[in-house]
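What follows is a set of notes on a single structure, which appears directly below.
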Amino acid sequence: MKVLVPIKRVIDYNVKVRVKADNSDVDLANTKMAINPFCEIAVEEAVRLKEAGTATEVIVVSIGDKSCQEQLRTALALGADRAIQIDTADSLDALNIAKLLQKIVEEEQPQLVILGKQSIDSDNNQTGQMLAALTGLPQGTFASEVKVEGDKVNVTREVDGGLQTVALNLPAIVTTDLRLNEPRYASLPNIMKAKRKPLAVKPVADFGLDLTARTKLVKVTPPAQRQAGIVVESVDELVEKLKNEAKVIS
Amino acid sequence: MSILVIAEHDNATLKAETLKTVAAAQKIGGDVTLLVAGFNCQNAVDAAAKVNGVSKVLVADNAAYEHQLAENVSLLVTELAGDYEHILATALTTGKNFMPRVAALLDVAQISDIIDVESSDTFVRPIYAGNAIATVQSLDSKKVITVRTTGFDAVATDGNAEVVNLDTVTDAGTSSHVSDELTVSERPDLGAAGVVISGGRGMQNGDNFKLLDGIADKLGAAIGASRAAVDAGFVPNDMQVGQTGKIVAPDLYIAVGISGAIQHLAGMKDSKVIVAINKDPEAPIFQVADYGIVADLFDALPELEGKL
Ligand SMILES: Cc1cc2nc3c(=O)[nH]c(=O)nc-3n(C[C@H](O)[C@H](O)[C@H](O)COP(=O)(O)OP(=O)(O)OC[C@H]3O[C@@H](n4cnc5c(N)ncnc54)[C@H](O)[C@@H]3O)c2cc1C
């Protein structure tokens with residue numbers, strides 16, 4: 001069984017993003033970039049399926065300019081077998097990303113596609129579900145457990161009320177939540193080995209898709225800043241302030 | 001303009017968050033229809049008919065919709081979509097699950113997690129864990145939107161909408177529900193509570209979360225947690241507040257033993273009043289707290305409970 005893992009290059013989760021002075025967008029110049037944490041969990045899950053003998057091949061794919069090859073190499077160092085970069089300088093809407101991924105799914109015919117539930121930059125939480133719709137496949141989003149059993153996969157999902165388990169016919173789409181696994185670190189020998197693993201570059205134009213933008217970013221502003229508060233000296237003072245100043249308790 | 005809002009419910013009750021999504025629809029402006037897709041969902045339908053500003057409630061009552069399976073619900077919404085310019089769902093796990101599927105089936109983009117409406121095609125949404133606020137214009141003729149409830153005030157519930165039963169059944173047949181493991185709690189929902197008290201890694205274990213119970217009882221609060229507390233197994237996943245968990249904005253948020261990572265702040269920094277209890281005076285949580293107390297939580301919590 002082939003497993004496909006689409007991954008995204010994003011700002012490192014420890015970095016607080018700045019907004020450009022002209023409010024046109026965020027400023028990512030000289031910012032530390034990394035593989036989106038949820039995508040890393042997706043890679044880890046696929047590699048574990050391979051180690052368990054369930055998966056035979058793990059393919060990672062990323063859409064972006066040459067810089068995303070760095071994240072593809074990271075995924076290869078974590079245990080993926082080969083990588084595909086869909087080369088484009090444009091930042092695309094989730095729908096257009098899903099359309100490109102649909103082409104890769106048609107070409108590679110994976111039994112399972114595992115994606116992160118959201119990227120920590122755009123915070124959209126859309127791509128996996130959209131890919132599922134376009135391919136007509138069932139989806140198990142926000143997964144905290146994935147169990148392949150015969151021609152089905154059981155996915156336990158983190159939902160608002162707790163956990164929900166669904167059974168999906170394979171092939172299927174899964175998106176990861178934080179508790180699915182704890183990704184490993186790439187070892188130095190594996191980082192070296194990853195440099196020799198295959199990485200195919202496909203120009204976006206080769207897909208023959210209309211990728212016209214469906215949304216326009218009008219402006220980006222910093223969030224409202226909270227007024228600095230005070231440090232109280234005692235629990236008594238805290239209770240007094242909450243009652244009489246903030247008036248949030250009685 | 002016609003707007004379709006998909007009700008968030010569990011067949012027995014209509015979730016209070018739906019009232020905020022309807023408020024977002026009213027801000028867009030137009031005739032609002034509410035869809036209740038469920039199974040044996042008459043109670044939810046009755047509640048939906050009372051939501052102010054809704055002219056019609058569409059009901060799809062069928063086993064295919066009992067567990068809100070995205071494959072089935074998205075087909076239903078897509079079938080109904082022709083009549084509406086805007087389709088809205090609440091940005092909770094149910095809406096987040098099926099709504100992008102609807103958008104892709106309709107070949108339109110989705111605008112996720114809006115916190116404000118600028119015009120009928122332009123919306124405001126946080127990005128980068130709320131460290132930037134984007135104004136986004138939809139260029140599609142149909143707008144598919146999920147609504148972050150902290151951005152809107154609930155509409156009232158003394159309305160009287162017409163109820164129309166649908167006989168369409170859309171069952172994709174590719175997925176099925178196996179089981180639920182839901183957290184049972186007498187406390188208010190995190191999203192609906194006026195007061196939230198959350199514990200972090202500093203709580204040390206699940207047992208110590210009992211220290212929050214007495215305070216929550218006295219304040220009628222919901223109890224939340226940081227990711228670290230959930231990952232460590234102190235408390236279940238549905239208690240996680242943050243960028244990738246639940247977004248809350250109560251009148252009072254008390255963070256206990258939580259450092260204040262940007263991912264946690266993303267889920268609570270719009271609270272009206274924030275209190276932080278932390279033994280580290282340098283913890284970033286103090287930068288957003290209105291009232292901070294530098295103390296060991298094991299001393300401060302029993303004292304606070306005693307003094308409330
Ligand atoms: C992709 C991604 C998504 C994430 N999503 C979320 C999310 O949705 N929500 C979220 O919360 N986090 C999220 N995180 C994790 C986040 O980055 C932090 O790791 C997490 O919030 C830390 O939790 P914490 O504050 O409880 O733990 P820590 O950072 O370890 O802080 C513990 C705090 O407790 C204090 N403390 C310890 N003992 C005591 C004591 N006895 N008395 C008083 N104070 C004490 C310490 O001083 C410290 O400040 C996410 C991370 C990633 C990468």
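Please read all numbers here as calculations on a predicted model, not as lab measurements. To find a chain, count down the sequence lines: A is the first, B the second, and so on, and within it residues start at 1.
Remark: Arg214(A) CZ to Lys143(B) NZ distance equals 11.5 Å, nearest 0.5 Å. Note that the CD atom of Gln118(A) and the OG1 atom of Thr244(B) stand 6.0 Å from one another [nearest 0.5 Å]. With rounding to the nearest 0.5 Å, the separation of CD in Gln240(B) from CG in Asp177(A) is 7.5 Å. Put simply, CZ on Arg148(B) and CG on Asp123(A) are 7.5 Å apart, with the number rounded to the nearest 0.5 Å. Between the CD atom in Glu181(B) and the OG atom in Ser144(A) there is a gap of 9.0 Å [rounded to 0.5 Å]. Annotation: the span from Glu8(B) atom CD to Asp160(A) atom CG amounts to 6.5 Å, rounded to 0.5 Å.
Side-chain contact between Asp238(B) and Glu158(A): absent, with no pair of heavy atoms (C-beta onward) separated by less than 4.5 Å.
Chain B forms more heavy-atom pairs under 4.5 Å with one residue of Ala246(A), Ser250(A), Ala213(A) than with any other, namely Ala246(A). Counting heavy-atom pairs closer than 4.5 Å to chain A, the top residue among Leu190(B), Thr94(B), Ile274(B), Val102(B) is Ile274(B). Ranked by heavy-atom pairs shorter than 4.5 Å toward chain A, the options Glu71(B), Gln263(B), Met239(B) are led by Glu71(B). Taking Gly229(A), Pro138(A), Ala228(A), Ser119(A) one by one and counting their heavy-atom pairs under 4.5 Å with chain B, the maximum is reached by Pro138(A). The most heavy-atom pairs under 4.5 Å with chain A, out of Ser176(B), Ala295(B), Ala134(B), come from Ser176(B). Of the listed residues Leu95(A), Asp121(A), Thr215(A), the one with more heavy-atom pairs under 4.5 angstrom with chain B than any other is Asp121(A). For chain A, the option among Ile277(B), Asp113(B), Asp231(B), Asp270(B) with the highest count of heavy-atom pairs below 4.5 Å is Asp231(B). Most heavy-atom pairs under 4.5 Å with chain B, from the set Thr141(A), Thr221(A), Asn125(A), Val248(A): that is Thr221(A). Chain B forms the most heavy-atom pairs under 4.5 Å with one residue out of Val10(A), Ile120(A), Leu217(A), Asp93(A), and that residue is Ile120(A). The greatest number of non-hydrogen atom pairs below 4.5 Å with chain A, out of Gln137(B), Arg101(B), Arg227(B), His67(B), is found for Arg101(B). Among the candidates Thr78(B), Ile111(B), Val273(B), Val124(B), the residue making the largest number of heavy-atom pairs closer than 4.5 Å to chain A is Val273(B). Contact count versus chain B (heavy atoms, under 4.5 Å) is highest, among Gly136(A), Ala172(A), Ala167(A), Ser122(A), for Ala167(A).
Contact annotation for Lys269(B): both backbone and side-chain heavy atoms come within less than 4.5 Å of a heavy atom of chain A. In this structure, chain B has heavy atoms under 4.5 Å from both the backbone and the side chain of Gln164(A). Ile249(A) touches chain B through its side chain: at least one heavy atom from C-beta onward sits under 4.5 Å away, while N, CA, C and O do not. For Lys152(A), no part lies under 4.5 angstrom from a heavy atom of chain B. Only the side chain of Arg125(B) comes within contact range of chain A, judged by heavy atoms closer than 4.5 Å. The part of Leu137(A) that comes within reach of chain B is its backbone (N, CA, C, O), which places non-hydrogen atoms under 4.5 angstrom from that chain. Neither the backbone nor the side chain of Ala94(A) has a heavy atom closer than 4.5 Å to any heavy atom of chain B. Of the atoms belonging to Gln243(B), heavy atoms from both backbone and side chain fall under 4.5 Å from chain A. In this structure, chain B has heavy atoms under 4.5 Å from both the backbone and the side chain of Val231(A). Only the side chain of Arg157(A) comes within contact range of chain B, judged by heavy atoms closer than 4.5 Å. Proximity to chain A involves both the backbone and the side chain of Lys307(B), based on heavy atoms less than 4.5 angstrom apart. If you measure heavy-atom distances from Phe38(A) to chain B, the contacts under 4.5 Å come from the side chain alone. Of the atoms belonging to Leu219(B), it is side-chain heavy atoms, and not backbone ones, that fall under 4.5 Å from chain A. With a 4.5 angstrom heavy-atom cutoff, Asp10(B) does not touch chain A via any of its atoms. Contact of Ile262(B) with chain A is made through the side chain alone, with heavy-atom distances under 4.5 Å. Only the side chain of Leu238(A) comes within contact range of chain B, with at least one heavy atom under 4.5 Å from a heavy atom of that chain. Contacts between Val153(A) and chain B at a heavy-atom distance below 4.5 Å are absent for every atom of the residue. Heavy-atom distances place no part of Thr127(A) under 4.5 Å from chain B, backbone and side chain included. Using a 4.5 Å cut-off between heavy atoms, Val159(A) touches chain B through backbone and side chain atoms alike. Residue Val26(A) touches chain B through its side chain alone, counting heavy-atom pairs closer than 4.5 Å. Neither the backbone nor the side chain of Ala98(A) comes within contact range of chain B; no heavy atoms are under 4.5 Å apart. For Ser74(B), no part lies under 4.5 angstrom from a heavy atom of chain A.
Contact between Phe142(A) and Lys96(B) at its shortest, heavy atoms only, is CZ-CB, 3.8 Å. Heavy atoms only, all atoms of each residue included: Ile293(B) and Val232(A) are closest at CB-CG2, 3.9 Å. Of all non-hydrogen atoms in Ala133(A) and Ala104(B), the two that sit nearest each other are CB-CB, 3.7 Å. Contact detail for Ala132(B) and Val19(A): the closest heavy-atom pair is CB-CG2, 3.8 Å.
Between the side chain of Asp180(B) and the backbone N or O of Thr165(A), no donor-acceptor pair lies under 3.5 Å. Between the side chain of Arg226(A) and the backbone N or O of Gln287(B) there is no donor-acceptor pair closer than 3.5 Å. Although no hydrogens or angles enter the test, the distance criterion places no donor-acceptor pair under 3.5 Å between the side chain of Gln129(A) and the main chain of Ala103(B).
More than 12 heavy atoms of other residues, nucleotides or ligands sit less than 6.0 Å from atom CZ of Phe207(A). Residue Gln227(A) qualifies as open at atom CD: its count of foreign heavy atoms under 6.0 Å is 12 or below.
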Note to self: If you apply the rule side-chain contact (heavy atoms from CB on, under 4.5 Å), what do you find for Asp290(B) with Lys241(A), and how did you get there?
What the structure shows: CA-CA 10 Å; Asp290(B) 300 280; Lys241(A) 294 278 186 201; over 6 Å; no
Next item on the list: Check step by step if side-chain hydrogen bond (donor to acceptor under 3.5 Å, both in side chains) holds for Gln110(B) and Asn124(A).
Entry: CA-CA 8 Å; Gln110(B) 171 175 302; Asn124(A) 273 322; over 6 Å; no
Next item on the list: Apply salt bridge (charged side-chain N to carboxylate O under 4.0 Å, His left out) to Lys247(A) and Asp251(B), showing your working.
Entry: CA-CA 10 Å; Lys247(A) 298 191 169 65; Asp251(B) 291 334; over 6 Å; no
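Among Leu69(B), Asn97(B), Thr174(B), the one residue that satisfies the side chain to side chain contact (heavy atoms under 4.5 Å, CB included) test with Gln139(A) is Asn97(B).
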